[in-house]
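What follows is a single structure, written as structure tokens, with notes after it.
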Amino acid sequence: MSYTALYRKFRPDNFEDVKGQEHIVTTLKNQIKHNRIGHAYLFCGTRGTGKTTVAKILGRAVNCENPVDGNPCGECRSCKAIAAGNSMNLIEIDAASNNGVDNIREIREEVQYSPAEGKYKVYIIDEVHMLSIGAFNALLKTLEEPPAYVIFILATTEAHKIPITILSRCQRYDFKRITIETIAARLTNLMEIEHVHVEERAIRYVAKAADGSLRDALSLLDQCLAFYMGQDLTYDNVLEVLGAVDAEVFSDFLRKVISGDTTGCIYKLEELVLSGRDLNQMVVDFTWYMRNLLLVKTSQDIEDVIDVSTDTIELLRQEAAMVDVEVLMRYIRIFSELSGQIRYSAQKRILIEMALIKLTNPSMESNLDSLIDRIGQLEKKVEQGIGVNPVQFADKSGGRNKESSQGEYIRTQPIRPTQEETKQIAGKWRDIVLTLPDLHRSDVGMMLAGTKADVGMGDNELVIMNCTELAADFCNTENVSEAILDAVEKIYGKKVELDIKFMSVNDSGESFGFTKSQPEFTMEVEIDDSEEDY
């Protein structure tokens, strides 16, 4: 005898076996018991939540000769005929392949004839949202004035695609995602029936991976049991079959990211690739791991919400003290963006490596959360007594700045840098901004956080772009140019002569600029000659 998949073998045949949809089951049972059956139902919900199963049970129950508490008895001639697939009173239609006007017209012709046996003709139209507009219009008249012996049950995963004229003529039931606890309890019960020993952690991981779908959970468990046929199924076995990654691996990943260990992250990713782990699933699971960490860090008594083991909770608590909320939100943002990019990419590993490099090197981004991360890293270096290595420039005579025994730079007369040297200064603009002091209780570094620097028309002209009007005015009045020159000297150990120019954009989109020697700014307005004069 051929093998029957678990989700087919254990498909419920009465309302009592339907799990996680009590609000729907109770309503339908009451309708059957009190003979208040509707003529059209719409079952909505994600895959594997029981829409088609409940539709079949309802079709059997309304035709059952001896219903028991709203459930089909399973013993009468009608129940046996429907179970064997020989009944003409329960018709299943797949709208994905029968979505034309002619298919619906056939139904309209069939409903004119009352059932030879039983009380009702029940039409189950699955994936009804895939019907064409013409087919919906053809169905509308039948739904509006159906014969008393006809019941339509429409099932869909995308209710928003169904015309409002159809929706208004149906009783709508929304099937919820099934909770992890409900799925795990059902799987445990079925494994006892099958006499198979499965670890509780393995059951819960499968339930979590199913994402609210009991059918998916049974399919995943079936896959794992087939791989380890005749053996006890352990948590590690499930991870291996599903290509998943354990929480300890994510913990190791995160700690390397927090410490800025780019090389360690790349090596860890290499191990996962060689072990055959699914990279798509790895990105999703790592994002969820960081989400759980964010909840642990920002909330109290959150253990029941995040649904992880006690060991993982302990790891999360340790890591919560190692990272700031803003930095953690930056990590989640980068990996959330990655999960959307990696799905259809042929170079998944490269995209993940780029994301890991971004995580460990916040200087690659100019976002505010990246700036906060960089400041945090600098503060840690200061606490550890780690200094910043200066980059020195050769002067015109080929000499170098010298460093004193106390680590201070000996100041010399400022030199006029070459265009290449000015370009190097512009390339290190972010580091310069981080070292700028507060002037008159105003944070210069924060004012210039989103700006960029480039070489201007002259060799020694440094242009600061993307200033806001407020920042541009402030830079002009607070003697910021001198502060920038001091910051350049502090970082590079060279006193240079720069002509610093600030460029901005006002609220009207017109660009203007000014230099430290020009307190007034000049407007540059483009005039379109094609427009009429006012």
Side-chain angles (χ1 to χ4, degrees), residues 7-8 11-12 15 18-25 27-28 31 37-62 82 85 89-111 120-147 150-179 183 210-219 339-340 343-344:
Y7 80 89
R8 294 180 57 200
R11 169 169 271 176
F15 288 123
V18 177
K19 304 300 180 182
Q21 311 297 346
E22 288 76 12
H23 62 297
I24 296 175
V25 167
T27 304
L28 295 179
Q31 287 186 354
I37 301 168
H39 72 280
Y41 296 86
L42 177 63
F43 292 169
C44 312
T46 56
R47 71 192 188 283
T49 51
K51 299 184 297 297
T52 306
T53 296
V54 171
K56 290 181 177 180
I57 297 173
L58 179 60
R60 293 175 59 192
V62 296
I82 293 176
N89 291 342
L90 185 65
I91 301 97
E92 293 186 58
I93 300 170
D94 178 20
S97 54
N98 300 278
N99 57 4
V101 177
D102 293 337
N103 302 114
I104 302 302
R105 284 175 178 168
E106 290 178 7
I107 296 176
R108 290 178 58 182
E109 294 174 0
E110 291 176 3
V111 299
Y120 296 96
K121 270 190 173 183
V122 181
Y123 288 87
I124 301 175
I125 305 180
D126 204 5
E127 301 298 335
V128 68
H129 64 273
M130 300 191 72
L131 289 179
S132 65
I133 298 299
F136 272 125
N137 292 334
L139 180 63
L140 182 60
K141 184 64 175 177
T142 306
L143 283 180
E144 190 173 16
E145 299 176 359
V150 173
I151 298 174
F152 284 97
I153 305 177
L154 314 179
T156 179
T157 56
E158 301 182 54
H160 60 279
K161 293 184 178 180
I162 300 177
I164 189 64
T165 50
I166 299 292
L167 290 174
S168 63
R169 288 168 171 79
C170 300
Q171 293 184 27
R172 175 170 175 167
Y173 294 87
D174 290 297
F175 285 68
K176 301 176 182 177
R177 288 178 181 270
I178 307 174
T179 63
I183 295 177
D211 193 24
S213 169
L214 185 54
R215 183 178 64 224
D216 286 4
L218 288 169
S219 298
S339 63
R343 185 175 303 173
Y344 304 108

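Hydrogens, waters and symmetry mates play no part in the numbers below; they use all other heavy atoms, side chains included.
Checked against salt bridge (charged side-chain N to carboxylate O under 4.0 Å, His left out), K19 has no partners two or more places apart in sequence or in another chain. In this view, F136 satisfies the ring pair (Phe, Tyr, Trp, His ring centres under 6.0 Å) rule with no residue, not counting sequence neighbours. Checked against salt bridge (charged side-chain N to carboxylate O under 4.0 Å, His left out), E22 has no partners two or more places apart in sequence or in another chain. Looking at residues two or more places apart in sequence or on another chain, you find a side-chain hydrogen bond (donor to acceptor under 3.5 Å, both in side chains) between R47 and D216. The ring pair (Phe, Tyr, Trp, His ring centres under 6.0 Å) check on F15 picks up nothing, with sequence neighbours excluded. Residues that satisfy the side-chain hydrogen bond (donor to acceptor under 3.5 Å, both in side chains) test with T179, not counting sequence neighbours, are T182. Taking K141 as the reference, nothing meets the side-chain hydrogen bond (donor to acceptor under 3.5 Å, both in side chains) condition, with sequence neighbours excluded. The salt bridge (charged side-chain N to carboxylate O under 4.0 Å, His left out) check on R177 picks up D211, with sequence neighbours excluded. Under the rule for a salt bridge (charged side-chain N to carboxylate O under 4.0 Å, His left out), K176 has no partner lying at least two apart in sequence or in another chain. Under the side-chain hydrogen bond (donor to acceptor under 3.5 Å, both in side chains) criterion, T157 pairs with no residue, sequence neighbours left out.
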| request: List the steps and the verdict of side chain to side chain contact (heavy atoms under 4.5 Å, CB included) for F43 and Q21. | output: CA-CA 12 Å; F43 292 169; Q21 311 297 346; over 6 Å; no
| task | Could you go through the side chain to side chain contact (heavy atoms under 4.5 Å, CB included) check for R108 and L139 one step at a time? | result | CA-CA 8 Å; R108 290 178 58 182; L139 180 63; over 6 Å; no
| task | With side chain to side chain contact (heavy atoms under 4.5 Å, CB included) as the test, would you mind laying out the steps for I57 and L28 before giving the verdict? | result | CA-CA 10 Å; I57 297 173; L28 295 179; over 6 Å; no
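The distance from atom CG of L42 to atom OG of S168, rounded to the nearest 0.5 Å, is 11.0 Å. One distance of note links CZ of R215 with OG1 of T52; it measures 7.0 Å at 0.5 Å rounding. To the nearest 0.5 angstrom, T165 atom OG1 is 7.0 Å from N137 atom CG. Atoms CD and CD1, from E92 and I153 in turn, are 10.0 Å apart once rounded to the nearest 0.5 Å. Rounding to the nearest 0.5 Å gives a distance of 10.0 Å between CD of E145 and CG of L140. Remark: N103 CG to D94 CG distance equals 10.5 Å, nearest 0.5 Å.
Minimum interatomic distance between Y41 and C170 (heavy atoms only, all atoms of both residues): C-CB, 4.2 Å. Between I183 and A217 the shortest heavy-atom distance is CG2-CB, 3.5 Å. Contact detail for P146 and L143: the closest heavy-atom pair is CD-O, 3.4 Å. Between G48 and I178, the closest heavy-atom pair is O-CD1, 4.2 Å. Here the closest heavy-atom approach between residue G38 and residue I151 is recorded as O-CG1, 3.8 Å. The two residues V101 and A138 make their nearest non-hydrogen contact at CG1-CB, 4.4 Å.
For residues 162-173, every residue pair satisfying the salt bridge (charged side-chain N to carboxylate O under 4.0 Å, His left out) rule, not counting sequence neighbours, is listed here: E144-R169, R172-D174.
Checking side-chain atoms of K51 against main-chain N and O of T46 turns up a donor-acceptor pair under 3.5 Å.
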Identify every side-chain donor-acceptor pair in residues 120-132 under 3.5 Å, counting partners at least two apart or on other chains, and give the distances.
{"unit_1": "K121", "atom_1": "NZ", "unit_2": "E110", "atom_2": "O", "d": "3.2"}
{"unit_1": "K121", "atom_1": "NZ", "unit_2": "Y113", "atom_2": "O", "d": "3.2"}
{"unit_1": "Y123", "atom_1": "OH", "unit_2": "E110", "atom_2": "OE1", "d": "3.2"}
{"unit_1": "H129", "atom_1": "ND1", "unit_2": "T156", "atom_2": "OG1", "d": "2.8"}
{"unit_1": "S132", "atom_1": "OG", "unit_2": "N99", "atom_2": "O", "d": "3.2"}
{"unit_1": "S132", "atom_1": "OG", "unit_2": "A135", "atom_2": "N", "d": "3.2"}

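None of V150, T142, N98, I93 except one satisfies the side chain to side chain contact (heavy atoms under 4.5 Å, CB included) rule with I107; the exception is I93.
A 4.5 Å side-chain heavy-atom check between Y173 and V54 finds every atom pair outside the cut-off.
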